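Not measured: the values here are computed from a predicted model. Every chain is numbered from 1 and lettered A, B, ... according to where its sequence line falls, protein lines coming before strand lines.
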Amino acid sequence: MDVEVRVSEADFDVGAECVSLSSKTRQCGAVVQFVGLMRDSNQGDDVLTMELEHYPGMTERRIFEIIDRADHRWPLFAVTVIHRVGILYPQDQIVFVGVSAAHRHDAFQACEFIMDYLKTEAPFWKKECKADGEQRWVDARQTDQNALTRWQS
Amino acid sequence: MISVRFFAKYREQLGISTFTVAVNEIDPGKSTVATLKAVLAAKGDVWREILYAENTLCAVNQDLAGDNDVVASGDEVAFYPPVTGG
């Protein structure tokens, strides 16, 4: 399996990533891509900017390990995970998970699996700057933890 | 020396991102995450609240760790709040 993990301030081109994922093998019959975007509000407040912090080194290790687990569950050809850090603005792309496989079911499932574990295990933290100038760290959500149960049965 | 790192909210609350602890500050032969936490917690209330918060996560050499995991000179130990990426 081809694996690519990038954690950086740089934006990404979804079209180019799709070509990269689909061109690994002529056996590829499905590419599923998820793109997470920054919203302009959270918990009823307008949000102007968001700052993403991470634990360099550990972040990449955790993501590689999550991808490895996905690779053991589904037959995959390629996985690309990109996560941005630094200052982001509403509608900016934050995260990309792309999976290629022979069949769509495997690609859909693996993409969701990787995203669910990335949200709960990869050491990233978001700090929001609200329209009134207040800065606050985003709290982890129980719903993200609950999402893991479907993979644990 | 053990390198201790704090991230996100904890880094801001302590005003410290990296802190170094001499191994001889920890009970030799019984150096675990728990003993390291006890040494650090003695530094003040904010330290104690962070280290003993129920949802604080710990990593030793960038792998998730618990109170009973061993720490030794040269290790990197991180404490951080629940993650919020994606």
Side-chain angles (χ1 to χ4, degrees), chain A residues 5 7 34-39 42-43 50-66 81-86 88 93-97 111-128 135-145 147-148, chain B residues 1-21 32-34 36-37 40 44-86:
Chain A
V5 174
V7 179
F34 170 81
V35 178
L37 305 175
M38 184 188 154
R39 283 175 282 114
N42 189 24
Q43 298 177 323
M50 196 166 69
E51 187 171 1
L52 267 144
E53 176 174 337
H54 77 123
Y55 184 173
M58 182 170 178
T59 314
E60 291 84 349
R61 283 177 61 158
R62 297 305 301 178
I63 296 172
F64 274 114
E65 196 266 330
I66 293 165
V81 174
I82 303 168
H83 204 299
R84 295 179 69 191
V85 291
L88 296 175
Q93 302 183 125
I94 303 172
V95 60
F96 174 91
V97 175
C111 185
E112 286 212 75
F113 175 94
I114 292 166
M115 196 58 217
D116 282 350
Y117 278 97
L118 184 151
K119 286 213 68 113
T120 51
E121 294 187 358
F124 292 99
W125 303 273
K126 288 177 180 146
K127 187 160 87 168
E128 297 173 334
Q135 297 196 347
R136 67 180 177 198
W137 290 97
V138 174
D139 285 326
R141 282 197 261 174
Q142 187 59 41
T143 49
D144 290 330
Q145 281 295 330
L148 301 181
Chain B
M1 303 294 264
I2 293 168
S3 175
V4 182
R5 302 185 67 174
F6 298 95
F7 288 94
K9 185 166 65 179
Y10 296 168
R11 173 180 54 72
E12 285 191 346
Q13 286 172 340
L14 293 169
I16 288 172
S17 59
T18 305
F19 185 82
T20 305
V21 177
T32 63
V33 169
L36 175 64
K37 280 164 74 170
L40 294 170
D45 289 346
V46 181
W47 292 75
R48 188 164 56 248
E49 279 168 29
I50 286 171
L51 292 161
Y52 292 115
E54 196 179 346
N55 57 8
T56 292
L57 296 163
C58 175
V60 174
N61 297 328
Q62 304 188 353
D63 282 322
L64 278 173
D67 280 350
N68 296 326
D69 283 300
V70 172
V71 293
S73 187
D75 283 350
E76 177 178 287
V77 181
F79 295 100
Y80 54 83
V83 303
T84 55

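The side-chain hydrogen bond (donor to acceptor under 3.5 Å, both in side chains) with Gln135(A) is formed by just one residue from the set Glu51(A), Glu128(A), Lys127(A); it is Lys127(A).
Using the six-membered ring where Trp is involved, Tyr80(B) and Phe7(B) have ring planes that are perpendicular, over 60° apart on the 30 and 60° scheme.
Highest contact tally toward chain A, considering only Ala59(B), Pro82(B), Pro81(B), is held by Pro81(B) [criterion: heavy-atom pairs under 4.5 Å].
With a 4.5 Å cut-off on non-hydrogen atoms, Ala8(B) touches chain A through its backbone and its side chain both. Contacts between Asn55(B) and chain A at a heavy-atom distance below 4.5 Å are absent for every atom of the residue. For chain A, the nearby parts of Leu64(B) are the backbone and the side chain; heavy atoms of each come within less than 4.5 Å.
Contact check on Glu65(A) versus Arg62(A) returns a salt bridge, with a Lys/Arg side-chain nitrogen under 4.0 Å from an Asp/Glu carboxylate oxygen.
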Let me see the working for Leu118(A) and His83(A) under side-chain contact (heavy atoms from CB on, under 4.5 Å), right down to the final yes or no. CA-CA 10 Å; Leu118(A) 184 151; His83(A) 204 299; 3.8 Å; yes

